[in-house]
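Working notes, beginning with the structure itself.
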Amino acid sequence: MFFFDPVYLLFALPALLLGLYAQIKVQSAMSHYSRVAANTTGAEAARALLEANGLYDVQLEESRGFLSDHYDPTKRVLRLSPQVARGRSVAAVGVAAHEAAHALQHATGYWPLQIRTGLVPVVQFGSWLGPIIFLLGWLVSGISPELGTSLALLGVLSFAAVALFAIVTLPVELNASRRAKAMLQRYFVMDQQGMVGVNQVLDAAALTYVAAAVQAISTLLYYVFLLSGFSRRRD
Ligand SMILES: [Zn+2]
């Protein structure tokens, strides 16, 4: 039931297709606008936007890997991938501005970001512990239906936490992109022509977060569906 379930495919397929589509959009927007020149590198743009907002104490570091760019609210460090940090392109500046916007969200106490940060430890455990607890519940239900169902319910709850995390991520990401676009124009970091590219890159990236949320919700629904099978088995 866990290793190959055709029903799982039914639940997972829409999210899988959307995720694939979003990945293609991001890759093509990134590769295209990485070749369109900008006036600054990603690192320079991020530094300028942070300082324009008085965030002199946010550290800028280089991370490893393609699209590994992120803001770490626990350490107040903005990490940019080499392509973004050193890239003097519309794509690099767009991504860097988006990450700088996360630092700004943090500084202004933007509450969806606070919820998201609070959920990180829950999700780190939930995403790998959830299936194990659920499987354990399924095995135990043959001996003790009550205990089995309780364990499975616990597994489902951890999937619910993962789904909640993915849902809370949406306003955080959309708001960061909105702030990034506004800042790039307000501080004249990017001209109108460049903004067309920034919009394409950030909107494609937003779609990947929508896909991730749909995927997390689909997974939750699948396990709720399996759990309803538990009750039938008990009756
Ligand atoms: Zn982001």
Side-chain angles (χ1 to χ4, degrees), residues 7-36 38 42 45-46 63-72 78-85 87 89-102 105 110 112-113 115-117 119-120 123-124 126-128 130-131 159-184 190 194-223:
V7 177
Y8 179 69
L9 215 59
L10 205 71
F11 279 90
L13 203 60
L16 202 73
L17 292 176
L18 184 62
L20 228 68
Y21 174 73
Q23 277 304 320
I24 292 167
K25 291 283 275 188
V26 168
Q27 296 280 351
S28 80
M30 282 299 289
S31 81
H32 180 80
Y33 287 102
S34 295
R35 282 176 269 127
V36 178
S63 60
R64 268 180 228 173
F66 181 63
L67 291 183
S68 59
D69 312 82
H70 66 278
Y71 170 70
D72 180 350
L78 207 156
R79 296 193 188 93
L80 299 177
S81 62
Q83 292 90 341
V84 168
S89 70
V90 166
V93 171
V95 172
H98 171 96
E99 298 308 331
H102 280 312
Q105 285 177 331
Y110 178 68
L113 180 70
I115 295 179
R116 187 181 185 275
T117 307
L119 280 171
V120 167
V123 169
Q124 276 170 347
S127 48
W128 64 269
F159 285 112
V162 174
L164 182 65
F165 178 80
I167 291 166
V168 172
T169 297
L170 287 179
V172 175
E173 295 303 332
L174 296 177
N175 174 272
S177 286
R178 201 164 54 234
R179 284 182 199 231
K181 292 171 190 174
M183 285 194 293
L184 287 174
M190 185 66 73
M195 284 311 293
V196 176
V198 168
N199 287 334
Q200 278 196 28
V201 167
L202 294 186
D203 293 350
L207 199 59
T208 65
Y209 289 104
V210 174
V214 173
Q215 193 201 350
I217 294 165
S218 308
T219 304
L220 172 64
L221 290 178
Y222 171 67
Y223 280 94

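Just so it is clear, the model here is predicted, and its values are computed rather than measured.
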- What's the spacing between S63 OG and L78 CG if we round to 0.5 Å? 9.5 Å
- Query: Within a strict 4.5 Å, meaning less than it, do heavy atoms of the S89 and V36 side chains meet?
  - Reply: no
- Note on the structure: Applying ring pair (Phe, Tyr, Trp, His ring centres under 6.0 Å) to F159 and not counting sequence neighbours gives Y223
- Query: Passes side chain to side chain contact (heavy atoms under 4.5 Å, CB included), V162 versus T219? Steps please.
  - Reply: CA-CA 10 Å; V162 174; T219 304; over 6 Å; no
- Message: To the closest 0.5 Å, what do you measure between CD (E99) and OG (S81)?
- Response: 9.0 Å
- Distance from L220 atom CG to L164 atom CG, nearest 0.5 Å? 10.5 Å
- Task: Test the R179-Y110 pair against the cation-pi criterion, namely NZ or CZ under 6.0 angstrom from the six-membered ring centroid and within 45° of the ring axis.
- Result: yes
- Note on the structure: Shortest non-hydrogen pair, A163 vs A216, comes out as CA-CB, 3.7 Å
- Note on the structure: Smallest heavy-atom separation, A176 atom then Q105 atom, equals N-NE2, 3.3 Å
- Task: Give every residue pair that meets the side-chain hydrogen bond (donor to acceptor under 3.5 Å, both in side chains) criterion with at least one member in residues 195-218, sequence neighbours excluded.
- Result: K181-D203
- Could you check if a side-chain atom of F165 sits within less than 4.5 angstrom of a side-chain atom of I115, using non-hydrogen atoms only? no
- Determine the minimum heavy-atom distance between A96 and G42, stating which atoms define it. CB-O, 3.1 Å
- Item | Least distance between heavy atoms, V93 atom then A38 atom | CG2-CB, 3.9 Å
- Note on the structure: Distance col, row T117:OG1 vs Y71:OH, nearest 0.5 angstrom, shows 9.0 Å
- Could you walk me through whether I167 and I217 pass the side chain to side chain contact (heavy atoms under 4.5 Å, CB included) check? CA-CA 9 Å; I167 291 166; I217 294 165; 3.9 Å; yes
- Message: To check you understand the geometry: which heavy-atom pair defines the closest contact between G126 and P131, and what is its length?
- Response: O-CD, 4.2 Å
- Query: Are any non-hydrogen side-chain atoms of V201 and V90 less than 4.5 angstrom apart?
  - Reply: no
- Qualifying side-chain hydrogen bond (donor to acceptor under 3.5 Å, both in side chains) pairs with a residue from residues 19-30, counting only residues at least two apart or across chains: none
- Query: In Å, rounded to the nearest 0.5 Å, how long is the span from CG of L202 to CG of L184?
  - Reply: 8.0 Å
- CA sep, side-chain torsions, deciding dist, call: V210, L170, side chain to side chain contact (heavy atoms under 4.5 Å, CB included): CA-CA 7 Å; V210 174; L170 287 179; 3.9 Å; yes
- Query: What are the two closest heavy atoms between A92 and G87, and how far apart are they?
  - Reply: CB-O, 3.3 Å
- Task: Start with the C-alpha gap between L207 and V26, add the side-chain angles, then the distance that decides, and say whether side chain to side chain contact (heavy atoms under 4.5 Å, CB included) holds.
- Result: CA-CA 9 Å; L207 199 59; V26 168; over 6 Å; no
- Under-4.0 Å salt bridge between D69 and R79: no
- Query: Under 4.5 Å between any side-chain heavy atoms of V95 and M30, yes or no?
  - Reply: yes
- NE2 on H102 to CG on N175, rounded to 0.5 Å: 9.0 Å
